[in-house]
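Quick notes on the structure that follows.
When a ligand or atom number is given, it counts from 1 through the structure's own listing order.
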Amino acid sequence: MTLRLTTDEQAMLAGEAGPGAQKAMEIVVALGQIYGAADLVPVASVQVSGVSYKNLGDAGLEFLQDWAAQGAQARVPATLNPAGMDRLAWRALGFSEEFAQRQEAVIAAYEALGITPTCTCTPYLVGHVPQFGQHLAWAESSAVSYANSVLGARTNREGGPSALAAAIAGRTARYGLHLDGSRLPTAVVDVRCPVTAGADLGALGYLVGRRVKNGVPYFRFADLRLDLTDCKSLGAAMAASGAVALYHVEGLTPEAAAMESHGGVQHLVIDDLAPGYAALNGPAEQVDLVSLGCPHASLAEVEAIAAYLEGRQVTAALWITTARAIRQAAEETGLVARIEAAGGRVVADTCLVVAPVAELSFRTLATNSAKMAVYAPSHCGLSVRFGTMQQCLEAAVTGRWS
Ligand code: F3S
């Protein structure tokens, strides 16, 4: 299929908007040709991943600085994924000055490119909420899943450079989840066991993602007790275990009603979450770090943690990761003080998976996030315990998993 370009797009590709925009358009067009897109589609917003200096290194930093020096600028609202550290509290958390300087240089390069340094994987919790049907170019897998499934916007999972190129070009190639046909279910999943919010959704998502791989599950819950915000842990888990970027939940998500008559080719029945919990749990008995807030915690989640910790003291390190704006709101409402009084920390701008955790002395992690449980062993060298928020907080108090 030949990729059609508008006159403006052809001009950008020819370099009339400068070398930075030309390079962006070359990337977008190359991807369009690889994936057989008919044309490009303007995007309403972009979410850029590849922010941690731990992953980018000096080569990535120079790549960003060079692109900025070519005069490239985002044409649409664009936000950043978590960085490798809390930008204000990195020293107290134990990260080195050298890492902090390099990380700030990366963020400065993104800012020079016109990207807002929100440093969160939940931009939709801090005011960047796409509308139903809008085309986007988002990169972080759980955010992509949320935008597609819960909000009904349309985005493929972009890579770091392709999301940045889309921000600068203001468009992306129209293929994959931008097209109606790719949004149809490929599997019907009947969930017959009780599922409550939090870790249960992670265990469920882990099991389904592994079996549906790259597909579009259509969930039918025998007893639907979710609300849309609970879905962020479901989507994050499926993204981690099976690269699932879109799902539908009968009676809940915005495109589900239109999908009812498309049965999908696969049929799964989930009547027990225990295999999911078992697969995500290692043997560690001692816990030295507890991480909650993956995807980044909402204010309601921070509040629930503060309430649970009332009158308790943690002995293990406890990090609750969230967006800077949520942390600020938690500080203003006294939640940060309550969590700090119990010995925990509300950490902004980062997440454990992209932080240089090897610089610290942690060996074992407890988390209520299936996504974190999937990635922490390989990305952070940590042995993992996975369970409910209450189990994790109890482990933070006792230093042991029970
Ligand atoms: Fe967000 Fe990091 Fe989890 S990017 S989804 S907190 S692994």
Side-chain angles (χ1 to χ4, degrees), residues 47-56 79-87 93 103 106-107 110 117-126 128 138-150 155 157-160 163 198-199 201-202 205-206 209 229-245 247 280 289-299 301-302 305 318-327 345-357 362 365-382 384 386 389 392:
Q47 194 247 0
V48 179
S49 67
V51 184
S52 174
Y53 176 73
K54 172 184 152 186
N55 301 328
L56 284 174
T79 61
L80 274 191
N81 211 37
M85 62 181 196
D86 184 308
R87 296 182 68 190
L93 292 167
Q103 182 60 77
V106 169
I107 293 171
Y110 275 121
T118 44
C119 297
T120 183
C121 52
T122 56
Y124 48 85
L125 294 180
V126 293
H128 300 273
W138 284 24
E140 198 282 320
S141 64
S142 75
V144 165
S145 171
Y146 195 92
N148 276 319
S149 314
V150 176
T155 178
R157 186 186 173 189
E158 301 281 351
L201 281 172
Y206 176 80
T229 50
D230 297 332
C231 287
K232 76 180 165 79
S233 23
L234 177 65
M238 286 193 287
S241 68
V244 171
Y247 60 92
L280 291 165
L289 173 63
V290 174
S291 168
L292 304 174
C294 168
H296 273 175
S298 65
L299 193 59
E301 287 171 310
V302 178
I305 294 164
L318 168 63
W319 290 14
I320 298 132
T321 45
T322 191
R324 174 66 55 190
I326 300 280
R327 192 192 189 283
R345 289 179 183 278
V346 182
V347 176
D349 312 319
T350 189
C351 101
L352 219 62
V353 168
V354 296
V357 177
F362 304 121
L365 169 78
T367 181
N368 65 342
S369 162
K371 179 175 177 183
M372 182 68 72
V374 167
Y375 286 124
S378 55
H379 288 60
C380 315
L382 296 169
V384 173
F386 168 75
M389 180 193 84
C392 291

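- Scored by the ring pair (Phe, Tyr, Trp, His ring centres under 6.0 Å) test, H128 finds no partners at all (sequence neighbours excluded).
- Using cut-offs of 30° and 60° for the angle between ring planes, the W319 and F362 rings count as perpendicular.
- With sequence neighbours excluded, the residues that form a side-chain contact (heavy atoms from CB on, under 4.5 Å) with A245 are V144, N148, L177.
- A donor-acceptor pair under 3.5 Å links the side-chain atoms of K232 to the main chain of H296, judged by distance alone.
- Every residue meeting the side-chain hydrogen bond (donor to acceptor under 3.5 Å, both in side chains) condition with D86, not counting sequence neighbours, appears here in chain and number order: R324.
- Around atom 3 (Fe) of ligand 1, the protein N, O or S atoms closer than 2.8 Å are C294 SG, listed by chain and residue number.
- Donor-acceptor pairing under 3.5 Å is recorded for the side chains of S142 and E140.
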